[in-house]
Structure formats: structure tokens, C-alpha cells
Peer 1: 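To start, I am sharing the structure in question, which I have written as C-alpha cells.
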Amino acid sequence: MGCLGGMGTSGLVSAFDPLANGKEMLVGGIMRAIVFKLYDRGFLSPREKPEIFTKKYMHWTPFQAEGYKLVLDELVEEAGVEVRFFTKVIDADAEPSHGFVNGLIIQNVEGLCFVKGRTFIDCTGDAILSDLCGVEYREAGKDTPRIMPATLCSYFSNLDKSKYRNVHTGDPRLQQAIDEGMFTQKDRHLPGMSMVSDTLGYLNGGHLYDLNAVNVKSLTEGMMKGRKIVREYLAFYKKYAPGCENAELVCTAPVMGVRESRRIVGEYELNYEDYIARREFPDQIGVFNKTVDIHAYDTSDKEFYRYLKEYEHTAKLNPGEYFGIPYSILVPKGWKNLWVAGRCASSDLRVHGSIRVQPAASMMGQAAGTAAVQSIKTGQAANDLNTETLVTSLRDAGAFLPQKTLSAKMTR
Ligand SMILES: Cc1cc2nc3c(=O)[nH]c(=O)nc-3n(C[C@H](O)[C@H](O)[C@H](O)COP(=O)(O)OP(=O)(O)OC[C@H]3O[C@@H](n4cnc5c(N)ncnc54)[C@H](O)[C@@H]3O)c2cc1C
């Protein structure tokens with residue numbers, strides 16, 4: 001695409017999941033700096049303030065996607081990072097038996113190009129690079145019975161902030177609209193519309209069930225269906241949500257909002273027992289509090305109540321708590337110069353339902369980048385990196401890593 005930010009910009013997913021746990025801000029480093037920059041520039045929702053997003057429990061921080069693009073451009077310019085937009089990784093020269101990547105083939109307006117490198121980080125969400133290299137992974141729908149639904153996000157204008165009251169999951173007006181036949185699918189789970197400015201709203205609404213993000217036919221059908229469904233939500237919000245009477249659809253995202261596709265098999269697979277135990281790791285590169293959030297797989301009662309129970313009760317961490325994200329979930333098992341960060345990191349399905357979101361993805365990204373630099377400087381392989389050094393570097397860069405014990409060896 002023509003911007004950085006992935007889902008947060010191109011995908012119009014214009015809210016950060018909880019950055020804090022009710023007691024303290026868990027997300028430090030680059031992500032914290034970005035949120036403050038967005039705030040200083042007026043690119044966060046008008047109601048957002050540092051005392052809210054640095055502290056509040058289970059609080060979402062809405063932002064303007066255009067502002068986020070600009071801030072990311074400025075940050076990479078300041079840091080001297082060379083960026084190539086509109087450039088796709090289409091193949092890799094890798095040696096799976098040695099766990100080594102020699103280079104990539106990229107494709108853009110200039111044609112095809114082979115790029116050699118010493119370290120590589122896969123932040124494609126769908127583990128595209130890992131797949132091209134021959135890394136082992138688990139794929140939704142193949143290695144799991146179902147695929148968490150996707151959503152095509154959208155922006156609405158002409159909202160009246162002074163009157164706006166969101167209508168979302170559990171609101172009787174949603175059921176009333178379903179009963180009236182306003183929707184082609186009887187979807188009672190509606191994350192809702194967040195105000196990102198005084199008049200603009202970002203809608204996270206309309207599930208695309210069983211969409212397969214690594215199948216182009218499925219993706220194409222999903223985009224077309226998503227655009228139809230958004231029109232139904234426009235009519236619904238105009239009728240039922242105060243402040244949305246004059247709402248207009250500005251745009252739908254140019255890319256699909258994918259929640260689940262592939263998770264690599266890493267040196268460690270973070271699991272639900274770790275999460276429930278609020279386990280801390282000597283090599284943790286981030287701590288997080290977001291609850292397991294696996295959207296209903298279909299519109300049935302069974303799925304709706306399964307989702308609600310897990311999200312609201314069984315899997316919820318309390319205020320002040322957190323669990324650790326270890327370094328070893330970023331390293332494909334056996335690989336020496338390849339890392340992943342974000343949605344395709346190594347975890348079981350339920351933990352993926354927590355760490356798949358933007359603040360956790362950003363912490364993983366900073367850790368993978370820092371690890372790659374350490375690897376280049378010291379010659380240490382990704383799967384044999386001194387994690388005591390890594391954690392110290394991340395702390396120096398502002399990460400909140402409260403573990404008391406460090407270890408040179410990663411968690412396995
Ligand atoms: C509908 C929806 C609502 C969500 N709501 C929230 C929310 O409220 N708050 C929150 O924090 N998170 C939310 N999430 C989760 C979150 O947005 C994503 O899971 C997260 O952004 C994933 O980050 P990532 O860096 O792993 O991947 P992405 O953000 O998807 O970034 C992947 C990047 O890789 C690029 N790419 C892909 N393939 C290639 C290739 N072959 N070559 C080169 N580049 C490539 C893409 O263009 C993109 O820039 C939501 C997700 C969805 C789908």
C-alpha cells in the first residue's frame with residue numbers, strides 16, 4: 001500500500017486496544033511515543049487525554065487514520081529509514097533445513113528485484129514471508145475447524161458528537177433492527193462506531209463469516225459483500241443512533257480487515273494456561289492485559305453466548321494485571337535470521353484472540369527490530385539470541401518490562 005500502519009491505516013481499524021491496565025501504561029517504547037504524537041497533533045478522538053489512555057482499564061483509543069499515516073511518515077523520515085511503498089514480497093530464497101533466508105524477490109512499479117539481506121522480519125499479518133520461506137505454521141480453517149470472521153471497516157461523516165451515543169452489541173435497538181429485517185444477516189455482535197473527530201466515525205461492524213484471507217476468491221467475495229453490508233449499517237445508525245441522523249458513508253477500507261489467518265510455529269507457543277496464570281517470562285518483550293476476543297464464528301445463539309461469556313467473564317484479566325509476551329514467540333522454530341511480529345506470532349488460538357491487536361503487534365515489532373540489530377552486531381542467531389541483552393535494550397528504549405529475573409536464554 002502507499003502508507004505504513006497496516007490495518008490501522010489501510011484497514012481503517014482506527015482504535016488502539018487497551019494500552020494500560022487500570023493501574024499503569026503497559027505499552028511503552030515506540031507505540032507510546034506514537035500515541036502521544038497523535039494526541040499532541042489532535043489526531044486522537046477529541047475525548048482522549050493522557051490520563052485516560054495511559055491508565056484506564058479495557059479502554060480503546062480511537063484515532064484518525066490520516067493522522068496516523070502522517071505521524072508514521074515523519075517518524076521513519078526522522079529515523080532515516082528507507083521505505084518502499086507499493087512493493088510486494090512475492091518469493092524468497094531460503095534454506096529451511098538451515099533456518100536461513102538469503103534474500104527476497106520483491107515486485108513493484110520498477111518490476112521484479114532480488115534483495116539480499118542479513119536479517120528479515122515478517123510483519124505481513126498473514127505470515128506471507130514465512131510461508132514463502134517454508135516456515136511451519138498453523139492456518140485457520142485448515143488446522144482449526146473455523147476461521148474468525150473478518151470485517152470491512154469504514155468511515156462515516158456528518159455525525160454530531162454532542163448527540164452521539166453508540167449502539168452496539170447488546171443494545172435492544174440492534175435486535176429491533178434485526179427483527180425489522182434491516183440486515184441480511186442476523187448478527188448481534190456489533191463492536192460499533194467510534195468518533196475519531198467531532199464529526200467523523202469509524203465503524204467496526206458487519207462480520208464476514210468463514211472468509212479465508214489467504215484465498216483470493218474468498219477475499220474478493222468478502223470485499224463485495226462487505227461493501228453491501230456497510231450500507232445496511234449506515235441505514236441502521238441513521239435510524240437508531242442519536243447524532244447519526246445525517247450520517248454519510250465516506251469510504252470503506254481498500255483492504256480486508258482480517259482477524260485470523262496464519263500463526264507460525266515458533267521456538268515457543270504462548271498458550272492459554274500461560275495467559276490464565278498471568279505468567280511472566282524472563283525474556284518477555286511486552287506485557288499485556290487485553291481479554292481473549294474470539295468473535296462468534298457464525299450468527300447462532302450458541303456462538304454468540306460462547307463469545308460473550310469468554311469475552312466478558314471467563315477469560316478476562318482484572319484491573320492491574322497482565323501476562324507476559326516472550327521473545328521466543330517471534331522466532332520461527334529453528335530459524336536463524338528470520339523473525340515475525342504481529343498477528344502471525346506463535347501462540348495458541350485463544351491467546352491469539354488477545355495478542356492479535358495493534359498495541360501488542362507494535363511491541364512485538366519493536367522487539368523483533370531490536371533483536372535483528374543485536375543479531376547483526378553480535379552474530380547471534382535469532383534462535384540463540386542473548387535475551388538478557390535484548391530486554392535491557394528494550395528497557396533503555398522505554399519498554400515497560402517489569403520481570404525481576406532476566407535470562408540469557410529464551411523461553412522454550
Ligand atoms: C475489523 C477489525 C477490527 C479490529 N479492531 C481493533 C481495535 O479496535 N484495536 C486494535 O488495537 N486492534 C484491532 N484489530 C486488530 C489489529 O488491527 C490487527 O490484528 C493488527 O493491526 C495486526 O497487525 P500486523 O502488524 O500483524 O498486521 P497488519 O496491520 O495487517 O499489517 C500487515 C502489513 O503487511 C503488508 N503486507 C502484506 N503482505 C505483504 C507482502 N507480500 N509484501 C509486502 N507487504 C505485505 C500489508 O500491506 C500491511 O501493511 C482489529 C482487526 C480487525 C480486522
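Both counts, for ligands and for their atoms, begin at 1 and track the order of listing.
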Peer 1: Does any pair with a residue in residues 194-234 pass ring pair (Phe, Tyr, Trp, His ring centres under 6.0 Å), and if so which ones, sequence neighbours excluded?
Peer 2: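 Counting only pairs at least two positions apart or across chains, the ring pair (Phe, Tyr, Trp, His ring centres under 6.0 Å) contacts touching residues 194-234 are Phe183-Tyr233, His189-His207, His207-Tyr209, His207-His295.
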Peer 1: Does some non-hydrogen atom of the protein lie less than 4.0 angstrom from atom 2 (C) of ligand 1?
Peer 2: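 Yes; the ligand atom in question has protein heavy-atom contact below 4.0 Å.
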Peer 1: If you have a sec, work out which protein heavy atom is nearest atom 27 (O) of ligand 1 and how many Å separate them, to one decimal?
Peer 2: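 Protein heavy atom with the smallest distance to atom 27 (O) of ligand 1: Gly125 CA, 3.8 Å.
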Peer 1: Would you say Met7 and ligand 1 have an N/O pair spaced under 3.5 Å apart?
Peer 2: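 N/O-N/O distance under 3.5 Å: yes.
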Peer 1: Scan for salt bridge (Lys or Arg N to Asp or Glu O under 4.0 Å) pairs involving residues 346-359, sequence neighbours excluded, and state none if there are none.
Peer 2: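 Passing the test, one end in residues 346-359: Asp293-Arg356, Glu310-Arg350.
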Peer 1: With a 4.0 Å cut-off on N to O distance, would you call Asp298 and Arg146 a salt bridge?
Peer 2: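 Here Asp298 pairs with Arg146 in a salt bridge, since their nearest N and O are under 4.0 Å apart.
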Peer 1: Provide the number and element of each atom of ligand 1 under 4.0 Å from a heavy atom of Gly257.
Peer 2: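 Heavy-atom distances to Gly257 below 4.0 Å select 53 (C).
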Peer 1: Between Asp17 and Trp60, is there a side-chain donor-acceptor contact under 3.5 Å, judged purely by atom types and distance?
Peer 2: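 Yes.
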Peer 1: Test of understanding: given a 4.0 Å heavy-atom threshold, classify the contact between Thr87 and ligand 1 as side chain, backbone, both, or neither.
Peer 2: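 The answer is the backbone.
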Peer 1: Output the list of atoms in ligand 1 that are nearer than 4.0 Å to some heavy atom of Phe16, sorted by atom number.
Peer 2: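 Checking each atom against Phe16, I get 9 (N), 11 (O).
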Peer 1: Which of the numbered atoms in ligand 1 are under 4.0 angstrom from any heavy atom belonging to Gly342?
Peer 2: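 Answer for ligand 1: 26 (O).
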Peer 1: Take atom CZ of Arg173 as the centre, draw a 6.0 Å sphere, and report whether it contains more than 12 heavy atoms from other residues, nucleotides or ligands.
Peer 2: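 Counting neighbours around CZ of Arg173, more than 12 heavy atoms of other residues, nucleotides or ligands fall under 6.0 Å, so yes.
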Peer 1: Quick one: which ligand 1 atoms are inside 4.0 Å of a heavy atom on Pro359?
Peer 2: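 Answer for ligand 1: 11 (O).
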Peer 1: In the protein, which heavy atom is nearest to atom 10 (C) of ligand 1, and how far is it?
Peer 2: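 Checked against all protein heavy atoms, atom 10 (C) of ligand 1 sits closest to Asp17 OD1, 2.8 Å.
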Peer 1: Would you mind finding which of Val89, Leu12, Leu152 brings a heavy atom closest to atom 40 (C) of ligand 1?
Peer 2: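 It is Val89 whose heavy atom sits nearest to atom 40 (C) of ligand 1.
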Peer 1: Just distances here: any N/O of Arg343 and N/O of ligand 1 closer than 3.5 Å?
Peer 2: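 N/O-N/O distance below 3.5 Å exists for this pair.
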Peer 1: Under 4.0 Å between a Lys/Arg side-chain N and an Asp/Glu carboxylate O for Glu280 and Arg278?
Peer 2: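 No, no charged N to carboxylate O under 4.0 Å.
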Peer 1: Of all the atoms in ligand 1, which lie at a distance below 4.0 Å from a heavy atom belonging to Cys123?
Peer 2: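 Near Cys123, meaning under 4.0 Å from one of its heavy atoms, ligand 1 has 31 (O), 32 (C), 33 (C), 34 (O).
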Peer 1: Using only heavy-atom distances, determine whether the side chains of Tyr164 and Asn166 contain a donor-acceptor pair under 3.5 Å.
Peer 2: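 Indeed, the side chains of Tyr164 and Asn166 share at least one donor-acceptor pair under 3.5 Å.
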Peer 1: Do me a favour and list the nearest non-hydrogen protein atom to atom 23 (O) of ligand 1 with residue, atom name and distance?
Peer 2: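 Of every protein heavy atom, Ala361 CB, 3.8 Å lies nearest to atom 23 (O) of ligand 1.
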Peer 1: Quick one: look at Thr124 and ligand 1, take heavy-atom pairs under 4.0 Å, and tell me if it's side chain, backbone, both or neither.
Peer 2: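 Thr124 to ligand 1: contacts from backbone and side chain alike.
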Peer 1: With the threshold set at 4.0 Å, does a side-chain nitrogen-carboxylate oxygen contact exist between Asp126 and Arg262?
Peer 2: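 No salt bridge links Asp126 with Arg262.
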Peer 1: Do you see a donor-acceptor pair shorter than 3.5 Å between the side chains of Tyr57 and Asn21?
Peer 2: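 Short answer, no.
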Peer 1: Would you mind running through ligand 1 and noting each atom that sits below 4.0 Å from a heavy atom of Trp60?
Peer 2: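 That gives atoms 7 (C), 8 (O) of ligand 1.
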Peer 1: Step by step, work out the side chain to side chain contact (heavy atoms under 4.5 Å, CB included) result for Ser10 and Cys3.
Peer 2: CA-CA 7 Å; Ser10 306; Cys3 60; 3.4 Å; yes
Peer 1: Within the supplied structure, the quantity of interest is the number of heavy atoms (other residues, nucleotides, ligands) at a distance under 6.0 Å from Lys316 NZ; does it exceed 12?
Peer 2: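 Atom NZ in Lys316 is packed in, count exceeds 12.
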Peer 1: For Arg356, is at least one N or O under 3.5 Å away from an N or O on ligand 1?
Peer 2: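 Yes, there is a polar N/O contact under 3.5 Å.
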Peer 1: Taking all non-hydrogen atoms of both residues into account, name the closest pair between Cys133 and Pro96 and its distance.
Peer 2: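 Residues Cys133 and Pro96, closest heavy atoms: O-CG, 3.4 Å.
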Peer 1: For atom 6 (C) of ligand 1, what is the closest protein heavy atom, and at what distance to 0.1 Å?
Peer 2: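 Atom 6 (C) of ligand 1 sits closest to the protein heavy atom Val13 CG1, 3.3 Å.
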Peer 1: Answer side chain, backbone, both or neither: which part of Val258 comes under 4.0 Å from ligand 1, heavy atoms only.
Peer 2: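 Answer for Val258: backbone.
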Peer 1: For the residue pair Thr87 and Asn108, confirm or rule out a side-chain donor-acceptor distance under 3.5 Å.
Peer 2: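 Present: a donor and an acceptor within the cut-off.
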Peer 1: Using the six-membered ring of Tyr268, assess whether NZ or CZ of Arg412 lies under 6.0 Å from its centre and within 45 degrees of the ring axis.
Peer 2: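 Not flagged: Arg412 not positioned over aromatic ring of Tyr268.
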Peer 1: Are any of the heavy atoms in Ala150 under 4.0 Å away from ligand 1?
Peer 2: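 Under 4.0 Å: no for Ala150.
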Peer 1: Below 4.0 Å from ligand 1: does a non-hydrogen atom of Leu4 turn up there or not?
Peer 2: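 Contact check Leu4 vs ligand 1: negative.
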Peer 1: With backbone taken as N, CA, C and O and side chain as the heavy atoms from C-beta onward, which portion of Ser10 lies under 4.0 Å from ligand 1: side chain, backbone, both, or neither?
Peer 2: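 For Ser10, no heavy atom sits under 4.0 Å from ligand 1.
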Peer 1: If the threshold is 4.0 Å, N to carboxylate O, is there a salt bridge linking Lys217 and Glu221?
Peer 2: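 Yes, Lys217 and Glu221 are salt-bridged.
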Peer 1: Identify whether the distance between the nearest side-chain nitrogen and carboxylate oxygen of Glu269 and Arg138 falls below 4.0 Å.
Peer 2: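 A salt bridge links Glu269 with Arg138.
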Peer 1: List ligand 1 atoms under 4.0 Å from Thr151, heavy atoms only on the residue side.
Peer 2: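 So the answer, numbered in order with elements, is 1 (C).
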Peer 1: Run the contact test for Gly8 against ligand 1 with a 4.0 Å cut-off on heavy atoms, strictly below, and give the result.
Peer 2: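 Contact absent.
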Peer 1: Short N/O distance, under 3.5 Å, between Ala15 and ligand 1?
Peer 2: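 Looking only at distances, the answer is yes, because the N/O contact criterion of under 3.5 Å is met.
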Peer 1: Using a 4.0 Å heavy-atom cut-off, say whether Ile128 meets ligand 1 through its side chain, its backbone, both or neither.
Peer 2: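 Within the 4.0 Å criterion, Ile128 contacts ligand 1 through side-chain atoms alone.
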Peer 1: Does only the side chain of Asn204 get under 4.0 Å from ligand 1, or the backbone, or both, or neither? Count heavy atoms.
Peer 2: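 For Asn204, only side-chain atoms sit under 4.0 Å from ligand 1.
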Peer 1: What do you reckon, does Lys88 have a nitrogen or oxygen under 3.5 Å from a nitrogen or oxygen of ligand 1?
Peer 2: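 The answer is no, given that Lys88 and ligand 1 share no N or O pair closer than 3.5 Å.
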Peer 1: Return the closest protein heavy atom for atom 47 (O) of ligand 1 as residue, atom name and distance.
Peer 2: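 Of every protein heavy atom, Met1 CG, 4.0 Å lies nearest to atom 47 (O) of ligand 1.
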Peer 1: Any donor-acceptor pair under 3.5 Å linking the side-chain atoms of Thr184 with those of Glu232?
Peer 2: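 Yes - a donor-acceptor pair under 3.5 Å links their side chains.
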Peer 1: By number and element, which atoms of ligand 1 are closer than 4.0 Å to a non-hydrogen atom of Cys153?
Peer 2: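 What qualifies from ligand 1 is 1 (C).
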